[in-house]
Amino acid sequence: MNALAQTPTPEVPLLAVRDLHKSYGARIGCTDVSFDLWPGEVMGIVGESGSGKSTLLSCLAGHLTADAGQVIYDGRTTGPRDVLTLSEPERRMLNRTEWAYVHQNPRDGLRMGVSAGGNVGERLMAVGARHYGAIRSTASDWLGRVEIDANRIDDRPSAFSGGMQQRLQIARNLVTGPRLIFMDEPTGGLDVSVQARLLDLLRGLVREMGLSAIIVTHDLAVVRLLADRLMVMKSGRVIEQGLTDQVLDDPQHAYTQLLVSSVLQV
Amino acid sequence: MTAIAQTPTETDAYNFAYLDEQTKRMIRRAILKGVAIPGYQVPFASREMPMPYGWGTGGVQVTAACLVPEDRLKVIDQGADDTTNAVSIRRFFQRTAGVAVTENTPEATVIQTRHRIPETPLTEGQILVYQVPIPEPLRFLEPRETETRRMHALEDYGLMHVKLYEDIARHGQIATSYDYPVKVEGRYVMDPSPIPKFDNPKMSDNAAIQLFGAGREQRIYALPPYTKVVSLDFEDHPFVASKADHPCGLCGSTDSYLDEVIMDDQGGRMFVCSDTNYCSTRREAGHIGAMAAPAPAQPQERRAE
């Protein structure tokens, strides 16, 4: 380790999680979670409902306060520091510049009363963009990148289909060029053909922008397609982690074996 | 207390200026805090006033807490001294405080206003009290009060520009024509109460103290004299203090804010100053608008006789 640290370009993980613990009263939300996420890596978290996936993601993203542990994020300008101890303004700044969070339900992540262009532009304006023309052209560029027709820019998200809303949410999050994106069931509630397009789009964007991502899902097909590495959770604990193909093709833990064998084959 | 003994009013049973002294103390503390932090909304325990919410209960409480017996009060409603709201509030303070009243802007020491700033520039020592219906500029963008307060605390004002963005996207320009959000001394985003945006530049660097009272929402905020107030805008869509592009029909003024008055069913209309005192002062000084009746000339003729 020391030898590594002394090399001229010491590579540190983008996100290093150590012994993260969160409990709801006597019940465990998630416990003993430790992992490293490297730049450009996509990590999947799978498990059944109530296994602590979403709790873990919320703790990482700062939506919930973790009870113990460290989440060390390697900021662009600040270098590695524990985000759990950041002040509220610093965390908000991080949330709208270097991080992104895609909610399962686009209604949670979008402003439904604001046009698509306004939704995409909000993060830009929050970090100080004050030129209407520039904001609008960036917004329309991003709508194009998530395959929303540019003439829908002044429509409200409520006039969009579920798949379009989810794509709009992704555009809104990626517009400030984040490095780390948290996704909570990004394909939940979408039909399979829309899911496939969304996954294709996400895979393209993640590769193209060199994003790191943490994807929480119960859909093994999603992680197979997107994730480099996989973490399996049960009852708030990580029971198995490794390369996606390795975990899915050769599951070691009994629960993982159950999970993999439960997938319906068409 | 002695003031009442010296100038008996219709209803001597009231404390001077209606409110009890403890309430005034509480409101004055809120005002002082507001003046110390320009643009910050100070919560206060708003009292029931003998008028419905929306009629200026906040402004009345602030005025009551500021009044001293020597004051000369002016009350305007949309610029006019003679509309229902202005008349009833003026009469209220005549009865409960026995203070002198005036319609003349430069003579007044306290001016309570609904939705306008007088055209005549205010001077040092004057107090301008605004009636505010909704003090929170972020209210219609973010419904949660806890969240808006946090946004103010963290200076998280990106959302305010989203509103202006939506205006331009929908109307091609910033269509917000009143209640136009401003930033105070580079810190707090403030709701200027529903004054036309034409009046926004007058708030900045004003010699008078400007106090804002919202009775139902229980907030007081303030601008001390000579505070810098900037209207929010985009670089390529700058703020414009717009008004109807006409001269006043009565006094011919081209630089005052105008009301449009429908004259008949054939599309006849005229534009008149919304500030009635400004308009009549100009007419007395001999400025006659295109649609003015020769009425102002008659008294002069009579005087000549």
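So that the names make sense, note that chain A is the first sequence line, chain B the second, and so on, each numbered from 1. Here the structure is a predicted model, which means the values were calculated and not measured.
Annotation: side chain of B/His237 is not in contact with side chain of A/His131 (no heavy-atom distance under 4.5 Å).
Looking at A/Ile153, the atoms closer than 4.5 Å to chain B (heavy atoms on both sides) all sit in the side chain, from C-beta outward. When heavy atoms are compared at a cutoff of 4.5 Å, B/Leu141 approaches chain A solely by way of its backbone atoms N, CA, C and O. For chain B, no part of A/Arg123 is nearby; none of its heavy atoms comes within less than 4.5 Å.
Across B/Ala169 and A/Arg136, no two heavy atoms sit closer than the pair CB-NH1, 3.7 Å. Nearest heavy-atom pair across A/Arg130 and B/Asp233 is CD-O, 4.2 Å. Contact detail for A/Met125 and B/Val162: the closest heavy-atom pair is SD-N, 3.7 Å.
Applying the 6.0 Å contact sphere to CG of A/Asn151 captures more than 12 heavy atoms from other residues, nucleotides or ligands. More than 12 heavy atoms of other residues, nucleotides or ligands shown are found within 6.0 angstrom of CZ on A/Arg76. More than 12 heavy-atom neighbours from other residues, nucleotides or ligands sit within 6.0 angstrom of CZ on B/Arg139. Environment of CZ in B/Phe140: sparse, with no more than 12 heavy atoms of neighbouring residues, nucleotides or ligands closer than 6.0 Å. Around atom CZ of B/Arg187, more than 12 heavy atoms belonging to other residues, nucleotides or ligands sit under 6.0 Å away.
Salt bridge A/Arg92/B/Asp156: present, at least one basic N to carboxylate O contact under 4.0 Å.
Atom-to-atom distance recorded for B/Ile168:CD1 and A/Ile135:CD1 is 8.5 Å, nearest 0.5 angstrom.
Side-chain atoms of B/Glu166 come within 3.5 Å of backbone atoms of A/Ser115 as a donor-acceptor pair (strictly under, hydrogens ignored).
Most heavy-atom pairs under 4.5 Å with chain A, from the set B/Met160, B/Arg150, B/Glu155, B/Lys163: that is B/Arg150.
Ring geometry, B/Tyr165 versus A/Tyr132: the interplanar angle falls from 30° to 60°, so the pair is classed tilted.
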Note to self: Test side-chain contact (heavy atoms from CB on, under 4.5 Å) on A/Asp154 and B/Arg170; report intermediate values, then the result.
What the structure shows: CA-CA 7 Å; A/Asp154 292 332; B/Arg170 207 167 299 159; over 6 Å; no
